[in-house]
Amino acid sequence: MSSYNPQQLEPQWQAKWEADGLYRQRIDSGKPKHYALTMLPYPSGDLHIGHWYAMTPSDARARFMRMQGYNVMFPMGFDAFGLPAENAAIKRSIHPKTWTYANIERMRGQLRSMGAMFDWEREAVSSDPDYYKWTQWFFKKLIELGLAYRKLSAVDFCPNCNTTLAREQVWGEDRHCERCGTPVIKKDLEQWFFKTTDYAEELLDFSQINWPERVKVMQTNWIGKSSGANVTFTTEQGDEMPIFTTRPDTLWGATFMVMAPEHPLVDKLTTPEQADAVLQYREQAQRLSDIDREAADREKTGVFTGAYAINPVNQERVPIWVADYVLMGYGFGAIMAVPAHDQRDFEFARKFGLPIIPVIQPESGPLDAATMPEAYVGPGVMVNSGEINGTAVSDDKGRKNPSIAAAIDWLVAHNAGDEAVNYRLRDWLISRQRYWGAPIPVIYCPEHGAVPVPDEQLPVMLPEDVAFTPTGESPLKFHEGFLHTTCPECGRPSLRETDTMDTFMCSSWYQYRYLSPHFTDAPFDPVEGAYWLPVDQYTGGIEHATMHLIYTRFFTKAMRKMGLVNFDEPMLALHNQGMVLGEDNEKMSKSRGNVVAPDDLVQQYGADTVRTYLMFFTRWEQGGPWNYDGIKGPQRLLQDVWEIGQYAYMPQQVDEQATRNLRRKTHQTIHKVGQDFQEFSFNTAVAAIMELRNNLNDAKRTRSVTVAAWNEAVDSLLLLLAPIAPHITEELWAQRGKPYSIHQQAWPQWDEEIAKEDSITLVVQVNGKVRDRLEVPADTAEEDMKAAALASENVQRYLEGKAPRKVILVKGKLVNIVS
RNA sequence: GGGGUGGUGGCGAAAUGGCAGACGCAGCGGACUUAAAAUCCGCCGGGGGUGACUCCGUGUGGGUUCGAAUCCCACCCGCCCUACCA
């Protein structure tokens, strides 16, 4: 018997699998397909234990599906554009390309040590010209479809990274940059946007996907649909001033209006007397950092413009104010203010002495505008509101609320407004003022404006001979050769766009590129697409709930419009894993010194043990702190499996009962582990395998089971463990003379008859408390079970001679006697 | 402030209406050993009892139920998302 030496055995099998193309994933129309996908890594330099935690269970499940008879695709690649590469270039004078590709090479090796079933022929790297050519092609398609546009807008800008950020990349209460933590500032720039808002409504429909509730809730909140009405106010100067409100029923209580400081009408409306004050306020608002501006508990500020608008429902003259609690980016950047029934408006009105008119009367009686301490937002009945007086007000939103329905009907009938919905979701800002990204394929001609680069000139190559400045300003801006070109339409000297695309653009469609990473006629080979798409099972971290996972859904809907796909959703099912923390229960980081390095662990324990431990130590979706002692459990498991697998079993004295017990356990375990894999319950699957191991250890000691029962148990053990620990199981499978490869075997069948218990422990309760336990044959009739329970000495004692009022029997489990 | 999610032995966790703590780590006792490691056997939520047993126990307080870690209500604590969104 040889000793278990994973450091030697694992690389050998990896090499053989690679040489045999065991994991080549090819179209096979004779089998059902399963596209399993794990989120692709950024090539940061080293494979982190977090990558292992995300990828090994995904791999194990993909392997399980393969054993279940599916033709499984499980690809891998790199999200290779992005800021860290550029920061490394600035800091250490390494070219981003050199840095990135060296990291990729290193990580490929580390990924191989994991023993996953990745098909490396399908590897895609988003920074390869072969790849970003199609990223650029998609950009052009989006322009053609009217889903991309250029706009001057105030955008979030990180002064440290020297680039704009998408709204989703601005984090925290202090609104800092996702990458470097610097508080962002607002900057007016010409930027490219994708019209994600076109699909706001469809993105709210999750009916075709089996995704975690959590993610659906987060996306729903992020999209932020609210329904109400658009109402057009008219200023005394004659300008139309549309507003959006969720409470059109309170229109009769609107006593003033508020515009965002950036609102385009501010200059026009402000009277000469108020001009100084308004100008000053606006400058102050602009200078104010977002931290201060967005603090919700901050006291309201604002200034009167001197202008008035007419409330269309009652022709009342209402003053127009400017205040920074109204945001330009939502709705129309202007609101009607109803201080009686909106807390923000109430605070503003109180501060500036503006009138308050209640239009909803609560059940407790009329509100007193002069003394009410806060806005009233509850139910009641409409008052002071002309024709809709007397309508009931409920807590419901939208038309379900009778008062809102009545108000909308009134607005439509009087041509003063329309029912409307509004979304919090904004269009996706994709321009980045950085070098290491896919260049935006646009040329600016003095005559023709923004002209997309013709297809035959794609990709617009990222020049490599660039000089980095410590400011982080994009070197593309200073690269003469890149910058100067001619207009594709008229040949006139023109300038290239120097911005690159947000890397989320690259990762929005990578699952398609994996199908055929070298295909030259289209983003992916339609033959491959017809077979493999869409993704059946996606796995990854919850942190992408509102970014990547919304973008890729948007992208797929846009691709449907392009005629590239005929389905609506990119990933049918999603499962989120948690995070591995350091032993100190903190997020792993170099500065904390709590980083667990997978390479060291593989060196010490072997990949199989690391894989098994990662799947065993906690519920996958939960995550938790790493524990160096805990890994001993899986280590012992594999050591035992090694010994069991090599043991030349000979029974000493065959015991029929022991044989039946082992067979029962074997079949129960097959059933349990299969179910657990199905449900991503990997920790309990490993636990079940450990139990079978315990039974096999007993059998090995007592030598009382038949050779057939022993072999059945051992072979099953190896097959069940194969997806989790692929190397050791392959080795033992071979040593036992079984056909290569264990990873091409079918999942073992379980037999319900064999798995069935022949006796059960009947728990006997009196009034819900356990008073006895009886071993009875599993096929005992219900009446006999009840009788046996009642006959129990302890039960009689607790019944104290009284007749039972009721006897409840739970089949196969318990009898509860109620006295 | 709003939304979500979680709270179970010394620790990681099982159990989603029916024996709380499967499986594992650590610990304790024993075997083997000159010794240690490894391995093997046993114990392992708390209190009481020589014992058969018994009482208490799943963040706190109520409720529903024959029966609640599990369902409902309120509260406390942790984590995540979001935040003047009209």
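Letters A, B, ... are given to chains in the order of the sequence lines, protein chains preceding strands, and every chain is numbered from 1.
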Just the atom pairs and distances: protein N or O near nucleotides 16-21 of chain B's N or O, under 3.5 Å.
| residue | atom | partner | partner atom | Å |
| --- | --- | --- | --- | --- |
| B:G18 | N2 | A:Asn816 | ND2 | 3.4 |
| B:C19 | O2 | A:Arg773 | NE | 2.8 |

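- Within 4.0 Å of A:Phe617, counting heavy atoms only, lie sugar-phosphate atoms of the nucleic acid but no base atom.
- Rounded to whole angstrom, the span from the CE atom of A:Met336 across to the P atom of B:C84 amounts to 20 Å.
- Nucleotide B:U5 forms a pair with B:G78, judged by Watson-Crick or G-U wobble geometry with both contacts under 3.5 Å.
- Comment: A:Lys300 does not engage A:Asp324 in a salt bridge, judged by the lack of any side-chain N to carboxylate O separation of less than 4.0 angstrom.
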N/O to N/O distances under 3.5 Å, protein versus nucleotides 22-28 of chain B:
| residue | atom | partner | partner atom | Å |
| --- | --- | --- | --- | --- |
| B:A22 | O2' | A:Glu691 | OE2 | 3.1 |
| B:G24 | OP1 | A:Arg693 | NH2 | 3.0 |
| B:G24 | OP1 | A:Asn694 | ND2 | 3.2 |
| B:C25 | OP1 | A:Arg636 | NH1 | 2.4 |
| B:A26 | OP1 | A:Lys632 | NZ | 3.3 |

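- B:C71 and B:G10 have their P atoms separated by 24 Å, with the value rounded to a whole Å.
- In this model, the phosphate group of B:C66 is not approached by any side-chain N or O of A:Arg805 to a distance below 4.0 Å at OP1 or OP2.
- Shown here are the ring pair (Phe, Tyr, Trp, His ring centres under 6.0 Å) partners of A:Tyr281, two or more places apart in sequence or in another chain: there are none.
- Contact between the side-chain N/O atoms of A:Lys769 and the OP1/OP2 oxygens of B:C53 is not found at any separation under 4.0 Å.
- Nucleotide B:U39 is matched to B:A31 when pairs are restricted to Watson-Crick or G-U wobble geometry with both distances under 3.5 angstrom.
- Regarding contacts with the backbone of B:U54, a side-chain N or O of A:Tyr798 is found under 4.0 angstrom from either OP1 or OP2.
- Put simply, A:Thr546 has no side-chain N or O that comes within less than 4.0 Å of OP1 or OP2 on B:C81.
- Put simply, A:Arg771 has a side-chain N or O that comes within less than 4.0 Å of OP1 or OP2 on B:C55.
- Rounded to an integer number of Å, the gap from CD1 of A:Ile542 to C1' of B:U5 is 10 Å.
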